[in-house]
Each structure stands twice: as C-alpha cells, then as structure tokens.
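So you know, we letter chains A, B, ... as the sequences are listed, proteins then strands, and number each from 1. Excluded from the calculations below are hydrogen atoms, water molecules and symmetry mates; all remaining heavy atoms, backbone and side chain alike, are included.
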2 protein chains.
Amino acid sequence: MELDHAARCLEKLGNPTRLEVFRLLVKAGHDGLSVGAIQEHLGVPASTLSHHVAHLVNVGLVSQEREGRVLRCRPNFPLMDELIGFLTSECCVLADAPEEPAAARA
Amino acid sequence: MELDHAARCLEKLGNPTRLEVFRLLVKAGHDGLSVGAIQEHLGVPASTLSHHVAHLVNVGLVSQEREGRVLRCRPNFPLMDELIGFLTSECCVLADAPEEPAAARA
DNA sequence: ACGATATTTCTAGAACTATCGAAATAAATT
DNA sequence: AATTTATTTCGATAGTTCTAGAAATATCGT
C-alpha cells in the first residue's frame with residue numbers, strides 16, 4: 001500500500017463519527033448494516049451520516065450494495081488489513097529492520 | 001484506548017506529510033531525529049514542518065527533547081502499538097466475536 | 001399513479017487546517 | 001554582547017470539512 005492511500009484511509013478513520021461507523025460495521029461482520037441501521041445506532045442526522053459514509057466508500061473502506069429500499073454497507077476487511085499492515089511494517093518496526101526487503105544494494 | 005483518542009491519532013497520521021514524518025522517525029528508531037534532519041529529508045519549509053510536528057506531539061505520537069540547539073523528536077512506540085491494537089481489536093475482528101468480553105447476557 | 005420509506009444531493013454557514021514568509025526566541029560560539 | 005544556527009510563533013490567505021435542514025431521488029407496496 002502506498003503512503004498516500006494509507007494517509008487517505010487514516011484521514012477518513014480519523015473522525016470520531018466515521019471511526020464509530022466503521023467499528024460498528026466491523027462488529028456487524030461480513031453482512032454489514034444498512035445506512036438506516038447505522039443511524040439508529042448512532043443517532044446522527046441522515047444527511048450528516050450519508051456524508052460520512054460517502055467518505056468511507058470513497059476511500060474504499062466501505063462498500064455499498066442496494067437491497068431494495070435499503071443500502072447495505074459492508075466493511076472492506078482486506079483493505080483494513082492492508083492498512084494495518086502498512087502501519088505495522090512502515091510505522092512500527094523498531095530495531096534493525098533494513099529499508100528495503102531485498103536486492104538493490106551494490 | 002478510547003475511540004476518541006484513537007480518532008485523534010488517526011486524524012494526525014492522516015496527513016501525507018505527517019505520516020511521512022512519523023514513518024521517518026520510526027525508521028530512525030529510538031533515537032529519532034532532529035526537526036532539522038526531518039526537514040532535510042522531506043524538504044518542507046521550517047514553519048510548515050514545525051506546525052505538523054506540533055500536531056504529532058500534541059496527540060502524543062511524538063515526543064521532543066531539547067539537546068542544545070536541536071530538538072530531538074522520537075516516535076512514541078507504545079502509543080503506536082496501542083493504536084494498532086485498537087484498530088486490530090475494534091475494527092478488524094471478523095467472525096463470531098461477541099460484543100462484550102463477558103457477562104451481561106441475561 | 002400514489003404514498004411511504006430509505007437515502008442522497010444541495011446548500012450554506014461556521015469552524016477548522018494547511019501553507020509559508022517574516023519576526024521572535026533559544027542556545028552555542030566567538 | 002554580537003553572531004550564527006535551530007526552531008517556533010505570528011499572521012494572513014486559501015482551501016477544506018463538518019453540520020444539518022430542505023429538497024430530490026429511488027424503491028416498494030397498494
């Protein structure tokens with residue numbers, strides 16, 4: 001994962017409402033939740049919530065699928081794993097880790 | 001770690017310049033780097049960089065210590081671990097994790 | 001076609017953030 | 001005490017984000 005995409009994901013998760021939305025979706029598991037269900041949980045006005053969810057969808061952390069009248073939102077687990085992988089490998093390694101995985105060292 | 005503090009940390013890391021600063025500090029290890037050294041690496045104007053570093057210090061992800069004329073910046077590894085722990089446990093668990101660790105289920 | 005429900009788009013103001021030059025402060029050196 | 005080096009604070013501008021009401025759109029049931 002590129003640093004810029006990681007930064008965009010972190011930026012989106014860096015809003016308390018959105019982080020709560022995302023956490024809620026993760027707790028809900030692979031089936032996710034509808035926008036309305038999220039609203040019931042968090043009590044945020046619909047337009048505000050829609051705006052926040054759109055941010056998460058934009059950056060790929062949440063996907064949406066229409067099911068009749070409701071829009072089902074699901075967390076993107078693989079992307080979240082990538083993000084955590086980025087943080088762990090690029091921003092958390094101490095000790096003597098080399099800058100590059102292999103090669104390039106004349 | 002509380003959700004609000006996690007969100008504040010993520011928000012700060014969610015700026016490409018700051019994420020790069022933090023990554024650089026992590027790569028530098030426990031000794032960190034001076035503000036000037038960061039500046040040489042990233043080529044950001046001093047006042048802008050100072051502003052960004054202040055954000056990271058504010059939220060606790062970076063600590064600063066004066067050493068004569070230079071200000072040494074060190075990444076806060078334990079806090080970063082906590083943050084990754086929060087993301088992993090609260091925003092990344094799939095499968096059949098219960099909502100609460102125990103109790104509360106009449 | 002109509003009414004109900006679910007969600008988005010539009011809009012706009014207030015608050016916040018980023019940027020960076022210039023001036024200020026801090027410490028070391030002379 | 002004057003000079004140099006390192007960094008911050010100030011100040012101004014430009015742009016972004018948050019918030020939420022009102023209006024619009026989509027889908028379903030009748």
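In this structure, of dC20(C), dT17(C), dA6(C), it is dT17(C) that holds the atom nearest to the side chain of K12(B). Here the nucleotide nearest the side chain of V70(B), chosen from dT9(D), dA4(C), dT7(D), is dT7(D). Nearest to the side chain of V35(A), among dT7(C), dT9(D), dA4(C), sits dT7(C). Candidate nucleotides dA6(C), dC20(C), dT8(C) were compared by shortest atom distance to the side chain of A46(A), and dT8(C) ranks first. Nearest to the side-chain atoms of E11(B) among the listed nucleotides dT17(C), dT8(D), dA18(C) stands dT17(C). Among dC18(D), dG21(C), dT8(D), the nucleotide with an atom closest to any side-chain atom of P45(B) is dG21(C). Side-chain atoms of H52(B) lie closest to dA18(C) of the nucleotides dT19(D), dA18(C), dT8(D). Taking every side-chain heavy atom of H51(B) into account, dA18(C) is the closest of dT7(D), dT19(D), dA18(C). Which of dA4(C), dT9(C), dT19(D) sits closest to the side chain of T48(A) comes down to dT19(D). Among the nucleotides dT27(D), dT7(D), dT17(C), the one closest to the side chain of R66(A) is dT27(D).
Rounded to whole Å, atom C1' of dT27(D) lies 16 Å from atom CZ of R72(A).
Ring planes of H55(A) and H51(A): perpendicular class, angle over 60° (limits at 30 and 60°).
Both E67(A) and R18(A) lie near DNA chain D, and the one whose nearest nucleotide falls closer to the 5' end is R18(A).
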